[in-house]
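Right, I'll just put the structure down here and ask away after.
Here is the naming used below: chain letters follow the sequence lines, and residue numbers restart at 1 for every chain. Values reported hereafter were calculated over all heavy atoms of this structure, with side chains retained and with hydrogens, waters and symmetry mates removed.
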Protein chains: 2
Amino acid sequence: MKTRITEYRKERKITQEELADAVNVTRQTIISLENGKYKASLVLAHKIAQFFGVTIEEMFLFDREDENL
Amino acid sequence: MKTRITEYRKERKITQEELADAVNVTRQTIISLENGKYKASLVLAHKIAQFFGVTIEEMFLFDREDENL
DNA sequence: ATTATTTGTCAAGTAAACTTTACATTTTAG
DNA sequence: CTAAAATGTAAAGTTTACTTGACAAATAAT
């Protein structure tokens, strides 16, 4: 699964810290999501998508590897 | 957060076990999701939505309480 | 009414999301 | 060039999604 978080974030010139604050998680969480260390929870995914005004499916790109959990 | 899993599942006359098999989790997981014991992961949410041919946002209804994680 | 199917509960365990703190590296600005 | 801001790394801890197994209750079918 890939995400467009970094892409959308830079487009809007928002720092990781600002995004973290906006969706109420730590900066570490954003870093880890952007660097593929782990996957967002459903609610966090929703909050990030909402923040950028897109759908979850538009922000998070699922692929064949996502057959597993 | 509410889900329409039960609703869509009954509409299609699919058992919890069949859905569980289809999205590759245990029956317990489906029961717990339907009964609000916990929230699906992003990938599971995607697989369930895909299975029913709808978007995540259509299957999982976020509300104000989802400000927290 | 009795059996089979479906749904639910309980509890203990594993895995992964998220936090916290502290520090190191990279990028941007003056 | 140098300082500040932004990004990254590491590690230990908490919480929660998900599993497994065994058994109980409700619904449907014969």
Given dC18(C), dT19(D), dG8(C), which nucleotide is nearest the side-chain atoms of T29(B)?
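Minimum distance to the T29(B) side chain belongs to dT19(D).
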Beyond-backbone contact of E57(A) with T55(B), side-chain heavy atoms, under 4.5 angstrom:
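Yes - at least one pair of side-chain heavy atoms lies under 4.5 Å apart.
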To the nearest Å, give me how far apart CG (L44(A)) and C1' (dT19(C)) are.
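Nearest whole value for this atom pair: 13 Å.
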Distance test, side-chain N/O of R27(A) to OP1/OP2 of dT21(C), below 4.0 Å
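Checking R27(A) against dT21(C): no side-chain N or O falls below 4.0 Å of OP1 or OP2.
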Nearest to the side chain of K39(B), heavy atoms from C-beta on, is which of dG8(D), dA17(D), dA17(C)?
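It is dA17(D).
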Atom-to-atom span, OH of Y38(A) to C1' of dG13(D) - whole angstrom:
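It works out to 13 Å between those atoms.
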Has T26(A) got a side-chain N or O lying under 4.0 Å from the OP1 or OP2 atom of dT19(C)?
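Affirmative; the distance criterion is met.
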For E17(A) and dT20(C), what is the distance between atoms CD and P respectively, to the nearest whole Å?
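Distance check: E17(A) CD to dT20(C) P gives 13 Å.
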Nearest of dT9(C), dG8(D), dC18(D) to any side-chain atom of V25(B)?
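Nearest to the side-chain atoms of V25(B), counting from C-beta on, is dC18(D).
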Check the distance between dA12(D)'s C1' and K37(A)'s NZ and give it to me in whole angstrom.
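Computing the K37(A):NZ to dA12(D):C1' distance gives 14 Å.
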At under 4.0 Å, does any side-chain N or O of N24(B) touch on OP1 or OP2 of dC18(D)?
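No, no such contact exists.
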Do the charged groups of R9(A) and E34(A) touch, with an N to O distance under 4.0 Å?
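Yes.
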Just N and O in the side chain of S41(A): are any of them under 4.0 Å from OP1 or OP2 of dT16(D)?
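So the side-chain polar atoms of S41(A) never come under 4.0 Å of the phosphate oxygens OP1 or OP2 of dT16(D).
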Any chance you could measure Q16(B), atom CD, to I5(B), atom CD1, to the nearest 0.5 Å?
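Separation between the atoms: 10.0 Å.
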Which nucleotide in dA17(D), dC18(C), dC18(D) has an atom nearest any side-chain atom of L33(B):
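When the side chain of L33(B) is considered, dC18(D) is the closest of dA17(D), dC18(C), dC18(D).
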Out of dT9(D), dT9(C), dT19(D), which has the shortest distance to the side chain of Q28(A)?
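Looking only at side-chain atoms, Q28(A) lies closest to dT9(D).
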Going hydrophobic residue to hydrophobic residue with side-chain gaps under 4.5 angstrom, can you get from F62(A) over to Y38(A)?
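Result: yes, single cluster for both.
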Whether Q16(A) contacts dG8(D) is assessed here as follows: a side-chain N or O lying under 4.0 Å from the phosphate OP1 or OP2. Is that the case?
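Yes, such a contact exists.
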Whole-Å gap separating C1' (dC18(C)) and CD (E34(A)):
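The answer, rounded to whole Å, is 16 Å.
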Determine whether the side chains of T29(B) and T26(B) contain a donor N or O and an acceptor N or O closer than 3.5 Å.
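The criterion, which ignores hydrogens and geometry beyond distance, is satisfied for T26(B) and T29(B).
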